[in-house]
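To start, the structure under review is shown below, and the notes come after it.
Chain A is the first sequence line, chain B the second, and so forth, proteins listed ahead of strands; every chain is numbered from 1. The figures that follow rest on heavy atoms only: side chains count, while hydrogens, waters and symmetry mates do not.
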Amino acid sequence: MLSLEFIRENPDLVRRAVVDKHDAADVDRILALDSARRAKLTEIEVLKAERNAGSKEVGRLMKENREEAEKLKLRMKELGEKVAALEKEFAGTQEELDGLLLRVPNVPDETVPAGAGAEGNVEVRSWGKKPEFGFEPKAHWDLGEKLGILDFPRATKISGHGFIVFKGLGARLERALIAYMLDMAAKAGYTEVAVPYLVNRSSMTGTGQLPKLEEDMYRLKDDELFLIPTAEVPVTNLHAGETLRAEGLPLKYCCHSACFRREAGSYGKDTRGMIRVHQFDKVELVKIVPEEASPAEHEALTADAERVLQSLGLHYRTMLLCRGDLSFAAARCYDIEVWAPGQGRFLEVSSCSNFRDFQARRMGLKYKDGQSKPKFCHTLNGSGTALPRLVIALMETYQQADGSILLPEVIRPYMGGVEKID
RNA sequence: GGAGGGGUGCCCGAGCGGUCGAAGGGGCCGGUUUUGAAAACCGGUAGAGGUUUCGGCCUCUCGCGGGUUCGAAUCCCGCCCCCUCCGCCA
């Protein structure tokens, strides 16, 4: 979240961010509540100071002059009742303010281009080129079913629409890619973690999924737990409420997890195959850094994600998201989109975001460098990368005329030496 | 799930209705001493918020939330977490 101080000092910046991000947060209501809150607080604190002094006096008088003490007690009781009434009002104001504050989106970085939606995103670079085929490239659903490595009907049977079953070398390929990407991340200095897939409300609020996106999440109502939509949530929250030492930063984590998304509101989009599913695997990269380091760390994180695609020989482009396409919590974000020949379009496989101190402030994540007061960390994360779409790109890119799939060399050792799926 | 014990500052640990934002010890930082170091001694060592004539002043925080009281780390209630035992279980 943004600090009240920041909103107070930059109301226009915040209003513009709200509009550009297609959000509905009420900045003026926040400003009004804030000033009302502070006025009330001052009033309360003056009375409390008086009561504290009076109560101390009572303690003293109890030994010398019981009668005086009783009189003072009575006055302090009145004062206390007044304080209680004011505090009740104050709590109401505070509660409304806190609720609104959690719904204010992050302000886009100055370097983020203007634009209302995906069409406003700017391609900053691309790698490789679209492969040529001497035949009509097939979609992964055709390839996968014929090869017996994807089973859509049975996935639907056991779970419903939007779920996928990998089988045989398909399942093996998923596992191989996960291991491969984790190994790459480890070499780049990320510490691997394995974390819970169910988290509490506080964690979901910490990274910014709540309160706004509750209906996008799977929730266990009996236990107040949520299925994670991304490992970003448990991993970033690992250090929630902590004050880290600056010497220990940056922290770099990589994590494989399943991700669960209800995809509410996206009905009708990408209904075929496994482009959009309710459950998928992903290797996530997360960084916790000092504030001055976050722009450079963001570039490095994006490069780490891109290297996965380069090493697999997959054509991709990197898009700098415009203000209108930026998510709630992000200040700046690169989407990496991989080319899927069978689809004839690019698919987003990674979103690399810099949240600055937006998440850290929500979760109370700070660092201390010895000199200055504790500051909020900057947090970043990016997929490195999401599995089903990576598998789609791989299958469709490396398909042969006979419908078999020739595996890129780097992944073969992870496949037990298998060179081709046929 | 049941029974019991417990959560205090960077760490250990005392306090169990007022003089407690909190004894004592350790750590860390600074100083004295020393050729240097160690030891010894002295001093310092939380965060959030409000207000300010920028010298301060004030409020809140002893797991979290509520209650009792003139006054709560201390008493009461609820919740969370940790430990021990029992039950269940991959």
Side-chain angles (χ1 to χ4, degrees), chain A residues 1-9 30-102 194-206 210 220-226 234 237-249 258 291 357-377:
Chain A
M1 72 190 152
L2 301 172
S3 73
L4 266 172
E5 196 185 12
F6 180 84
I7 298 175
R8 221 180 282 147
E9 284 166 13
I30 288 171
L31 259 18
L33 286 170
D34 174 46
S35 88
R37 187 192 70 99
R38 279 183 297 152
K40 200 141 286 170
L41 187 58
T42 305
E43 202 182 335
I44 290 171
E45 287 185 352
V46 166
L47 293 180
K48 276 192 172 175
E50 200 183 319
R51 187 192 58 183
N52 287 348
S55 293
K56 225 170 231 184
E57 184 66 15
V58 169
R60 195 132 29 87
L61 283 176
M62 290 296 264
K63 292 173 200 138
E64 310 164 5
N65 189 335
R66 288 295 295 269
E67 203 174 314
E68 277 298 310
E70 288 305 322
K71 271 158 83 182
L72 191 53
K73 262 165 90 163
L74 231 61
R75 268 201 287 143
M76 289 305 115
K77 190 180 172 71
E78 267 173 56
L79 233 171
E81 279 158 8
K82 210 158 147 195
V83 168
L86 283 169
E87 275 187 325
K88 207 171 170 189
E89 283 178 50
F90 176 81
T93 307
Q94 182 75 60
E95 194 181 337
E96 186 185 351
L97 184 60
D98 289 345
L100 291 178
L101 218 45
L102 284 174
V195 297
Y197 292 177
L198 287 163
V199 298
N200 58 27
R201 180 169 288 275
S202 158
S203 295
M204 278 295 189
T205 306
L210 291 180
L220 280 73
K221 289 201 172 68
D222 290 341
D223 300 284
E224 256 314 87
L225 290 171
F226 299 83
N237 276 290
L238 242 26
H239 296 285
E242 298 181 16
T243 300
L244 306 167
R245 299 168 54 154
E247 310 89 81
L249 300 182
E291 64 176 358
D357 62 0
F358 190 83
Q359 296 181 323
R361 176 170 278 111
R362 285 173 166 250
M363 65 176 75
L365 167 55
K366 299 181 182 183
Y367 71 104
K368 204 174 182 174
D369 60 14
Q371 266 88 56
S372 56
K373 298 186 74 174
K375 288 189 269 197
F376 287 106
C377 298

Paired nucleotide for [N] [Watson-Crick or G-U wobble; both distances under 3.5 Å]:
| N | value |
| --- | --- |
| B/rC16 | none |
| B/rU68 | none |
| B/rA73 | none |
| B/rG43 | B/rC29 |
| B/rG87 | none |
| B/rA48 | B/rU59 |

Using only side-chain N and O atoms of A/Lys366, determine if any of them is under 4.0 Å from OP1 or OP2 of B/rA48.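 Affirmative; the distance criterion is met.
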
Anti or syn - B/rG55, cut at 90° from 0: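 Nucleotide B/rG55 adopts syn.
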
Specify the separation, in whole Å, of atom NZ of A/Lys77 and atom C1' of B/rU68. 10 Å

If we take the [atom1] atom in both [N] and [M], what is their distance in whole Å?
| N | M | atom1 | answer |
| --- | --- | --- | --- |
| B/rC16 | B/rG71 | C1' | 16 Å |
| B/rC20 | B/rA14 | C1' | 12 Å |
| B/rU35 | B/rC28 | P | 25 Å |

4.5 Å side-chain heavy-atom contact, A/Arg37 and A/Glu96: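 With C-beta onward as the side chain, the pair stays apart.
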
Using heavy atoms to find the nearest nucleotide of RNA chain B for A/Glu78 and A/Met62 separately, return the residue whose nucleotide is more 5′. A/Met62

Report the residue (A/Lys56 or A/Arg38) whose heavy-atom-nearest nucleotide on RNA chain B is the more 5′ of the two. A/Lys56

Residue pair A/Ser55 / A/Asn52, side-chain donor-acceptor N/O under 3.5 Å: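 The answer is no; no qualifying pair exists.
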
Per atom distances to the A/Lys373 side chain, the nearest of B/rU51, B/rA48, B/rC70 is B/rA48

For the side chain of A/Arg37, counting heavy atoms from C-beta on, which of B/rG47, B/rC70, B/rG50 is nearest?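 Within the option list, the nearest is B/rG50.
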
Contact state string [nucleotides 55-60 of chain B, B base, S sugar-phosphate only, - no protein heavy atom under 4.0 Å]: ---BBS

